[in-house]
Each structure stands twice: as structure tokens, then as C-alpha cells.
Amino acid sequence: MADGREHREYRMEELAEEAGITVRTLRFYRERGLIPPPRREGRIAWYDDHHLARLRTITGLLERGHTLNGIADLAATFESGRDVAEVLGLGEPTEETPVRLTPEQLADYFEGEVTPENLATALDLGYLATDGDEIVHISRRLLEVSAELVREGVPLSTVLSSGRRVREHADALAEIFVRVLHAHTKETEPAQLRPLARAVVDAELSMALDRRLRREDGTQPPKSG
DNA sequence: ATTCTTACA
DNA sequence: TGTAAGGA
């Protein structure tokens, strides 16, 4: 089986062989914080499938031209964002469907733009969370849209900072709807809340875009950014 | 003896 | 990144 991941543990030499690297390189990666510490049983270091997946990720990123230091920053970023998965992860009654990705797949979505800085921002925003060695994007729609924007030439850093601004306004809008409906109903979350709010915002945003485009149409040529 | 680390090349 | 030497 090509992708059958068995639940076993590896000694240093086994792991290195599976990952296609030398034991020395394995230790090197560990010294740089690129992989988590192994489970220690006396003097024996036991590695598991997570470590193996991580090593394959590192190899893949290196082949894509990433530097070891860059990968180290990336790894550190994800370690610190680990608990974000529980805070912002699932369990919330959202309509957004999360997407599980390997780091390689994420890199493919945002070709050449997956920098440690952007990752840190995405984690901070809660767009991304980590689950083991996989990445979870909280919203397939936001993932697709942001990837499309990047393909159109918008820097990912700009997409993310714009996302942060949109998030702030969206929070403000949500507060309005919750306040209004809560003041006139007993329920904590009436069934009409989401469709109502979405309809209003969709309509208002559509008209706001019309106004904005008309304004720019008269005096200035359309510009990107 | 085996497994891993330290230190040096 | 390889390897020799040494701790546990």
C-alpha cells in the first residue's frame, strides 16, 4: 500500500531510512527544532508517524526551494499555533466547512507565498489551525477565494490583511443583528438570524459596490489593489 | 552490546 | 553533513 500509514514507532535509523535521509540529518533537523522531540525511553528515542510525516514535509519544502531556516520558522509558527485549533476550530455552529490540507497542498494553493509571516497571520486570524502534521483551513470558501485572489496577482499578505479588516466589519455587523433580534425574541439564536443577516448584508454590499464603482467610473480608471 | 550524543573534521 | 569517540 503506497499510502498506508501504520501506527508504529521508529528508532532513529528506521525513521531516517523511511524518510530517505541520514541519521545525522535527522539529528540536525531536531537540533533546529524542525521536528518535535521523540518519546524517550531511557536512551532510546522513539519516533512515530507524525515525525515521519513531518520529515517528508521538510523534504518536500526543501525541494521546493525553501531554506532550512525558513522551514524552522514555519515549524515554530505551527507549534505556537497548535492550541488555536481548539479555540477556533470545530464545534462552532458555522456553515463553513473546514478543509484538511497537507503543508504541500497549502503551498500549492498559494504558490510561492506561503511564508512564515503569512502563516503566522493566517493562524492569528484563525483561518488556519494545525492538527498533527496536517493543516485545517476553517472555511473552504475563504480558502478558494483567497487562492483565487493570489492567482489574480494579489499578494497573500495583502489578502490576509484585507481579511482582517473584513473580519472587523463583519464582527460589527454581527453584533448589530444579534443585538436587534435578541432584544425582540426570547431565543438565544433564532433560526431566522443567519438568513436574515446574510440577505441584508448581501443586498447592502451589492449596492455599496455599485455606488463605489460608479464613483470611480466617472473620475478614475479602475485600478487593482 | 546497543543506541544516541558530543565533538571535531 | 560524515565520522569517530564516549556516556548511559
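Just so it is clear: chains get the letters A, B, ... in the order the sequence lines come, proteins before strands, and each one is counted from 1. All figures in this text were calculated on a predicted structure; none of them were measured in a lab.
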Legend entry - Spacing of A:R24 atom CZ relative to B:dA7 atom P, expressed in whole Å: 12 Å
Inset, instruction - Establish, with yes or no, whether the OP1 or OP2 oxygen of B:dT5 is under 4.0 angstrom from a side-chain nitrogen or oxygen of A:R40. - result: yes
Inset, instruction - Figure out the CH2/C1' separation between A:W46 and B:dT2, and round it to whole Å. - result: 12 Å
Inset, instruction - Figure out the CD/P separation between A:E9 and B:dC4, and round it to whole Å. - result: 12 Å
Inset, instruction - Measure the CD-CE distance between A:E204 and A:M207 for me, rounded to the nearest 0.5 Å. - result: 4.0 Å
Legend entry - Rounded distance (Å) that lies between atom P of B:dT2 and atom CD of A:E13: 12 Å
With a 3.5 Å cut-off and sequence neighbours excluded, list the donor-acceptor pairs that the side chains of residues 30-44 of chain A form with protein atoms.
from: A:R30; atom 1: NH1; to: A:Y47; atom 2: OH; distance (Å): 3.2
from: A:R39; atom 1: NE; to: A:E9; atom 2: OE2; distance (Å): 3.2
from: A:R39; atom 1: NH2; to: A:E9; atom 2: OE1; distance (Å): 2.9
from: A:E41; atom 1: OE1; to: A:W46; atom 2: NE1; distance (Å): 3.3

Inset, instruction - Kindly give the heavy-atom pair with the smallest separation between A:M12 and A:V23, and that separation in Å. - result: SD-CG1, 4.0 Å
Legend entry - Phosphate OP1/OP2 of B:dT5: any A:R30 side-chain N/O under 4.0 Å: yes
Legend entry - Distance in Å, A:H137 NE2 paired with A:Q105 CD, rounded so as to fall on 0.5 Å steps: 13.5 Å
Inset, instruction - Check DNA chain C for consecutive Watson-Crick or G-U pairs with both distances under 3.5 Å and list the runs of at least three as stems. - result: B:4-9 with C:1-6
Legend entry - Residue pair A:T158 / A:S161, side-chain donor-acceptor N/O under 3.5 Å: no
Inset, instruction - Would you mind reading off the distance between A:R11 atom CZ and B:dT5 atom P, rounded to a whole angstrom? - result: 14 Å
Legend entry - A:E13 atom CD: more than 12 heavy-atom contacts under 6.0 Å: no
Legend entry - Donor-acceptor pair between A:E17 and A:Y10 side chains, under 3.5 angstrom: no
Legend entry - Side-chain donor/acceptor of A:R167 to backbone N/O of A:L125, under 3.5 Å: yes
Inset, instruction - Send over the distance from A:M12 CE to B:dC4 P, rounded to a whole Å. - result: 6 Å
Inset, instruction - Starting at atom CZ of A:F28, determine the distance to atom P of B:dA9, rounded to an integer number of angstrom. - result: 18 Å
Legend entry - Distance (rounded to the nearest 0.5 Å) between A:L26 CG and A:E18 CD: 12.5 Å
Legend entry - Interatomic distance, A:R39 CZ vs B:dT3 C1' [rounded to whole Å]: 15 Å
Inset, instruction - Go through DNA chain C in 5' to 3' direction and return only the first and the last nucleotide with some atom under 4.0 Å of chain A's heavy atoms. - result: C:dT1 to C:dA8
